[in-house]
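First listed ligand is number 1; within each ligand, the first listed atom is number 1.
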Amino acid sequence: MRVLLCGGAGYIGTHVALEFLERGDTVGILDDFSSGLRENVSPKVQLFEGSILDSNILDSVMGYEWDAVVHLAAFKAAGESMLDPAKYAHNNITGSLNLIAACERHGIRQFILSSSAAVYGEPTYLPIDEKHPTVPENYYGYTKLAIEENLAWFAKLKGLRYVSLRYFNAAGYDPRGRMMGMERNPANLIPVVMEVAAGIRKKVQVFGCDYPTDDGTGVRDYVHVTDLADAHVRAADYLAKGGDSLVVNLGSEQGLSVRQIIDVAHKISGLPIAEEAVGRRLGDPAKLVASSAKAKEILGWQARYSTVDSIIATTWKVYDSVGKNR
Ligand code: WQD
């Protein structure tokens, strides 16, 4: 299979590339390197540098005849999207429509979207399945929902078939240690905690200790990036076999609190992790946990690396080596 990963140099895309390469597929990556890391791009991929906002570049890259496009090219900081919605509208919505239009021009009808649990907003019941109402709390989540809605229209009008993968909290690094570049300026809990353990950052701020959860801190469903990557390969095979358009959640179905993450990070690194209790972060729900029953049933997907120990240990391997080399 020939698969083009747009945004394939990012944290999730580089892991997705490994999974396709592993089984002998031909992988192309189109990335503008606004946040992607060259050191994490396998030399086995065909690399194109440019943005999905540029139709000329899309036309030239799509001339290489891809069976499927995987779209991972988006800004993803929910907090920032509330301060600068225009930036997110341009890159995430305009960029995606540009990409979808280019796929149509070039007859590419199999499309996999990197979507997000952020489309659901504040949960009205748990675990969250795909029938849960989609009322995003932040503009970032809205952009993902807008892309999904457009894919549904292009499916109806133009014969596109797509799989939208709604990730919960992506975390972890390649268990075989092939990915050693860290994300720049992370805002997510696990990389922040790892930076503290590695001595890159002084302390982790715990956003809220008064949530209605067992220990008062926020609970999330952390899913290993290698499990997410595996779901993309399954989605591509599903579409190649003629499967209908599909929206699925990808989560471990386990809720872990901020406190539990800090404790496991301390246990695995053997290092102190300084913390400071601060107020809640705007727009943060108390608890998010997925039901991934649909991904299991239709894609045969199952989380294999998403235990908390495996997520923290694979991440610590990267941060520990960088910390030591500073
Ligand atoms: C996890 C928990 C925080 C940082 C985000 C996006 C979402 C999706 C996944 C892409 C929460 C707490 C965090 C810190 C903390 N992204 N926390 N101190 O917000 O659940 O989801 O990533 O699709 O759209 O919003 O992830 O890692 O930021 O937070 O206490 O310095 O850790 O309050 O309870 P979040 P996160």
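- Of the protein's non-hydrogen atoms, the one nearest atom 3 (C) of ligand 1 is D284 OD2, 3.4 Å.
- For ligand 1, none of its N or O atoms has an N or O atom of S115 under 3.5 Å away.
- Shortest contact from atom 6 (C) of ligand 1 to any protein heavy atom: A78 CB, 4.3 Å.
- Residue-level proximity to ligand 1 for Y167 is absent, since no heavy atom of it falls below 4.0 angstrom.
- Counting protein heavy atoms only, atom 12 (C) of ligand 1 is closest to V258 CG2, 3.6 Å.
- Distance check: L97 CG to N150 CG gives 4.5 Å after rounding to the nearest 0.5 Å.
- What sits closest to atom 1 (C) of ligand 1 on the protein, heavy atoms only, is Y222 OH, 3.4 Å.
- The nearest protein atom to atom 14 (C) of ligand 1, hydrogens excluded, is given as F207 CE1, 3.3 Å; this is a heavy-atom distance.
- Using a cutoff of 4.0 Å between basic side-chain nitrogens and carboxylate oxygens, D237 and R23 are scored as salt-bridged.
- Under a cutoff of 6.0 Å and an axis angle of 45°, R220 and F168 do not form a cation-pi pair.
- Counting heavy atoms under 4.0 Å from ligand 1, residue K144 does not touch it at all.
- Protein heavy atom nearest atom 10 (C) of ligand 1, with residue, atom name and distance: Y140 OH, 3.1 Å.
- Distance check: Q46 CD to T26 OG1 gives 8.5 Å after rounding to the nearest 0.5 Å.
- Distances below 4.0 Å separate heavy atoms of G218 from the following atoms of ligand 1: 34 (O).
- Considering backbone and side-chain atoms alike, R220 places an N or O below 3.5 Å from some N or O of ligand 1.
- The only member of D263, V192, V193 that meets side-chain contact (heavy atoms from CB on, under 4.5 Å) when paired with I273 is V193.
- Counting protein heavy atoms only, atom 5 (C) of ligand 1 is closest to N188 ND2, 3.6 Å.
- For the pair K87 and F75, the distance from NZ or CZ to the six-membered ring centre is under 6.0 Å and the angle to the ring normal is within 45 degrees.
- A cation-pi arrangement is found for R280 relative to Y211, the charged atom lying closer than 6.0 Å to the ring centre and inside a 45° cone about the ring normal.
- Listed for the R234 side chain is a donor-acceptor partner under 3.5 Å among the backbone atoms of L299.
- Taking a cutoff of 4.0 Å between a charged side-chain nitrogen and a carboxylate oxygen, E253 and K296 qualify as a salt bridge.
- Scanning the protein for heavy atoms near atom 35 (P) of ligand 1, the closest one is N169 ND2, 3.5 Å.
- Neither the backbone nor the side chain of A117 comes within contact range of ligand 1; no heavy atom lies under 4.0 Å.
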